[in-house]
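Heads up, the thing below is written out as structure tokens.
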Amino acid sequence: MKTSSRTQDPSPTERQEQPSGLPSLYDARAVESEIYERWIEAGLFVAHPERTVRSGGDRLPFVVMMPPPNVTSVLHMGHGLNNTVQDVLVRWRRMCGDETLWLPGTDHAGIATQNAVEKLIAREGETRHSLGRAEFVRRTEAFVAETGGTILQQLRAIGCSADWTRTAYTLSPRLSRAVREAFVRLFERGLIYRGHRVIHWCPRCLTSLSDEEAEHHETDGKLYHIAYPLTSAHSREEERAIVVATTRPETMLGDVAVAVHPEDARYADLVGRTVLLPLSNVEIPIVADEATDPDFGTGAVKITPAHDPNDFEVAQRHQLAMPVVIDETGIVREVMDAGGRVPDDLRGLDRFAAREAIVRKLTESGALVRVEPYRHAVRRCYRCSTVVEPRLSEQWFVRMKPLAQPALQAVREGTIRILPERWEAVYVNWLENIRDWNISRQLWWGHRIPVWYCDGCGKVSASREDLARCPACSGPVRQDEDVLDTWFSSGLWPFSTLGWPDETPDLKAFYPTDVLVTAPEILFFWVARMIMNGYAFMGEAPFHTVYLHGTVRDTNHVKMSKSLGNGIDPLDVVRLYGADALRYTVIAGMGLGADTILDPNDLERSFAPGRNFVTKLWNIGRYLLANAGDGEVLPLEAIPPEKLRRADRWILERLDAAIAACDAALGPARPTGDRWSPEVRYTGLRLNEYAEAARTLTWNELADWYLESVKARLATQGEDGEIARSVLTHVFDRALRLLHPIVPFATEALWQRLPGHQEGTWLAVAPWPRPAGWSGGSEFEIVREAIVAIRQLRGEYNLPPARVIRAVLLPSSRWSAVLQEEAELIGRLARASVEIGAASAEPAAHAVLTDGTEVLLPLAGLIDIERECARLRRELESLDRQLAAVRQRLNDARFLERAKPEVVAAEKEREAEWSTRRTALARKVASLCGT
RNA sequence: GGUCGCGUAGCUCAGCUGGUUAGAGCGCUGGUCUCACAUACCAGAGGUCCGGGGUUCGAGUCCCUGCGCGACCACCA
């Protein structure tokens, strides 16, 4: 073991001043980095496939796949929360004896990374096109090599116990091979196809997007009503035009028809006739189509097949042309099949400028009938927020319905559970209505689509290996220019990271995995697709539990983000308060699935509780080492049970209760069979409850009560002192184990110094505690009650703790012996000299315990008894008056007759309550003032 | 438009299948540097559990409704 770097170690001279060997203040910074290094050196986080039951070992595997952050991202609070949750689970299971694997890695993040690099080269005046594809990819690789993976380094600072020897990257050769394999298999199964249709297009990123990547944003827009004149006179004079409503007038240049509902009587006789498209002066037909909603707008809708997915389908049904009038950058021009539709003065305008120009022209010509404000959802690019332009193009799609089937069934039958439960409905709903997934991206950064086209014979080949010539005609081939959606590769994460498609020892031992921890935002992007892929390629679910945690927000409930400036840098928190404080705060404050609210303007308020808790732990440790020494302690089993004192039994019983509470809160780690039984399906993973149970044991029970009660015994030589030392050490040891997953650093630092610690053993892999079945702690409860009662009376009369006072206990018969025996202890903790059973007439403050034991605090000479008596008597008189009034009312027959029953009931209740209060007050007066 | 969630102490939140006196942390008040800890200890105040109705012996918890937030989904232009 290295000692040179252990900066928290006091020098030999300090050691004398600090008999505990621990500095008085916990130095998180020094302790944390040093301990983390030693964990890594000891290889504690490295998983061993051969030790799992799946590979002939005796351990159950417990596997968590880290949601790969974007390779270029830096750690923010969201990552902090996400990874802390995972680390807590992983550390818990590791201590439980599972062969744990927490596999870390990063995502190449196609659009995001490409955008970042394009911004970078723009400073040099370059564009990706000026550089060319090969050079651009090279530059991006260099950028990733330089800045990528920072976040993984940062995760170590918050204590993540991931297996860094298995760090994965979606664009690595190994995972790229998995991507190709997956693509080709789906292609061969007919689940990947090429389609010509209207997709979401980002005119800034210059790529198509999936439905999920085009986010809806509520926007205040306008609904324009435009008259399209009929080309021939109609019987009814007033209907010389048909009015259509649109939010995007600029698309009218690409209109090929006007559609009405087949059963719409208003337009029945117009179907089959034609109108003249304003501005373009093209004659277009009026068609009848079911897709038209007669109740919206005028009931007539313009059809722009190339720039609207619905219109595209209408046009297909009616075999209409599909002129493209907006290009890939959002400029209005004649792109394809437009045939002079776009007036000269509109060509070259941006789509929004064109909209204004068109509205102006229509207003001038009188074709614009009406404009009304209209609030609707506009789709925007999830990466750059640019308004998405629907665009007709050639793309690759995955046929989702067959893949969704088993994924749906898995959640319906409980093979996979999603927590919180409510997300299961969302998941099911999405899968039931799933549409085909556009997976091609017109980007350069990503996995190039492994498809080759033969210009000779026209064959389209998907291939695992690069093709140089056509497998059919041996002619020259060219590879598809596009790359795959980033989420295609991350969807393979649970098995591609384990070596698939090879049958590696890792894959055998660690697939399927166990719990997936992530935020609900990527339930569809990622989680659902992993599940579908799990079934498609591995034949079984990739995990049995999806744990969806909340979002980190500021005090205004706004999501934290760097761009909004309301973020908290987890590394700042680590620097100021320590990683343990950060972890404790997020875990303790997190209801299942609830958002975490933190105040970026007041880190102290947010994180002090965590830091304070760690300080408390540290101080318990200091006391223990200073007073129980660091030599061997008596094993608990070696103590004859009858020699245990009441406090010993009590704390051991509390320990059992805490272990049970922690276990219940964390829940079963996995289902018992191949699916979750209804009884336990939604239990467990209540990390805040677990944290609370462990904290209460450590602080409120061990430190506040047991430690205080045991101080005198520790000072004594001999057997009882040894027993106290043993119990204290034992309970603190177990408390450290329970707490370790939440605050790993401080607990490890203390545990390593516990009396009897064996060199080379680690808390990180120490066995998780089990309840031992202790009982007999309840006798100590009456002792605690007596102490609290004396303290309360002391507080009531403002007697400073330094003032040792007399206290007289008149025990009920039941606990007489107990209180007698514990009188010294009671006195010490309540700072009083305790006498038992000597009732006297002297003036005393008075209280009654739950079992009837009376507590008297003689006050002669301590307070002005005359004044206090006068005050109490006034109080008693006032109470008597009120009581008399209530009783009179209740005795009044007329009141009982006329008042509402609930009023009578309330009065009766009041009478009972005041009557009880009067009894207590009267006793008080009697003991203080005499009768 | 559809689906779902939330509204509990000044603040941030627990409160599981309805069951004694609704909890925690922070904050607040009073008292303490009591030899592990003032990043602490002791005691205390503070809640019509958003409003209204209902079911029940009993509702913070279940049902209906109103108000106020929020999330997700969405091919009525």
Side-chain angles (χ1 to χ4, degrees), chain A residues 20 22 24-26 198 211-212 215-216 223-224 244-248 251 259 291-304 308-314 374 376-377 379 390 420 422-423 425-426 429-430 433 435 520-521 523-524 550-551 553 555 557 577 581 585 588-599 602 604-606 608-627 664-665 679 682-683 686 688-689 691-692 695-696 700 703-704 707-708 711 787-788 791-804 828-831:
Chain A
S20 64
L22 293 185
S24 60
L25 213 59
Y26 175 63
V198 174
D211 294 345
E212 290 70 35
E215 294 178 336
H216 291 271
L223 192 59
Y224 301 88
V244 297
T246 181
T247 53
R248 304 173 57 220
T251 62
T292 312
D293 178 359
D295 296 327
F296 184 86
T298 59
V301 58
K302 60 195 255 334
I303 300 299
T304 322
D308 185 288
N310 301 313
D311 294 1
F312 174 77
E313 286 175 21
V314 174
Y374 187 63
H376 63 133
R379 283 184 183 257
R422 62 174 183 274
W423 287 104
V426 176
N429 183 56
W430 185 75
N433 299 299
R435 283 177 291 162
E521 289 107 271
L523 181 60
F524 306 140
T551 307
R553 299 174 185 279
T555 46
H557 292 205
Y577 307 101
T585 300
M590 186 180 59
L592 181 67
D595 287 343
T596 299
I597 310 295
L598 295 171
D599 189 347
D602 193 350
E604 174 72 17
R605 184 175 189 278
S606 297
R611 176 204 54 194
N612 294 356
F613 180 61
V614 170
T615 304
K616 188 71 185 181
L617 265 183
W618 190 250
N619 281 308
I620 297 171
R622 285 181 67 210
Y623 180 84
L624 190 147
L625 294 184
N627 296 281
E679 301 81 56
Y682 300 110
T683 63
R686 267 64 176 183
N688 57 328
E689 290 178 23
E692 178 58 19
R695 192 201 73 91
T696 301
N700 301 353
D704 289 349
L707 192 67
E708 292 301 332
K711 278 180 174 173
I787 293 164
V788 169
R791 284 172 177 172
Q792 281 171 342
L793 291 176
R794 178 199 282 282
E796 198 176 325
Y797 291 101
N798 257 330
L799 305 173
R803 186 134 200 190
V804 176
R828 195 157 45 77
L829 294 196
R831 304 191 66 76

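Order of the sequence lines sets the chain letters (A, B, ...), proteins ahead of strands, with each chain counted from 1.
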Do A/T251 and A/K302 come close enough that some side-chain heavy atom pair is under 4.5 Å?
-> yes

Salt bridge flag under 4.0 Å for residues A/R435 and A/E212 = no

Stepwise, does the salt bridge (Lys or Arg N to Asp or Glu O under 4.0 Å) test hold for A/D595 with A/R553?
-> CA-CA 7 Å; A/D595 287 343; A/R553 299 174 185 279; 2.6 Å; yes

Nucleotide N/O of nucleotides 18-23 of chain B paired with protein N/O under 3.5 Å:
none

Contact letters for nucleotides 69-77 of chain B, in which S counts primed atoms plus P, OP1 and OP2 and B counts the base, heavy atoms under 4.0 Å = ---SSBBBB

On a whole-Å scale, what distance lies between the C1' atoms belonging to B/G47 and B/A9?
-> 5 Å

Write down the distance separating the P atoms in B/C62 and B/U17, rounded off to the nearest Å.
-> 7 Å

Closest to the 5' end of RNA chain B, once A/I597 and A/R422 are matched to their nearest nucleotides, is A/R422

Can you name the closest pair of heavy atoms from A/T247 and A/Y224 and give their distance?
-> O-CE1, 4.1 Å

Taking protein heavy atoms under 4.0 Å as touching, what does nucleotides 25-44 of chain B look like 5' to 3' if B marks base contact, S marks sugar-phosphate-only contact and - marks none?
-> SB---SSS-B-BB-BSSSSS

Pick the C1' atom in B/G51 and in B/U39, then give their distance to the nearest Å.
-> 43 Å

Which value, in whole Å, describes the distance between the C1' atoms of nucleotides B/U8 and B/U61?
-> 11 Å

Rounded to whole angstrom, note down the C1' distance from B/U20 over to B/G60.
-> 16 Å

How far does the C1' atom of B/C6 sit from the matching atom of B/C49, given to the nearest Å?
-> 14 Å

Between A/H216 and A/A377, what is the shortest heavy-atom contact and its length?
-> ND1-CB, 3.7 Å

C1' atom, B/C63 versus B/U55: distance in rounded Å?
-> 7 Å

Quantified in whole Å, what is the P atom distance between nucleotide B/U21 and nucleotide B/G58?
-> 15 Å

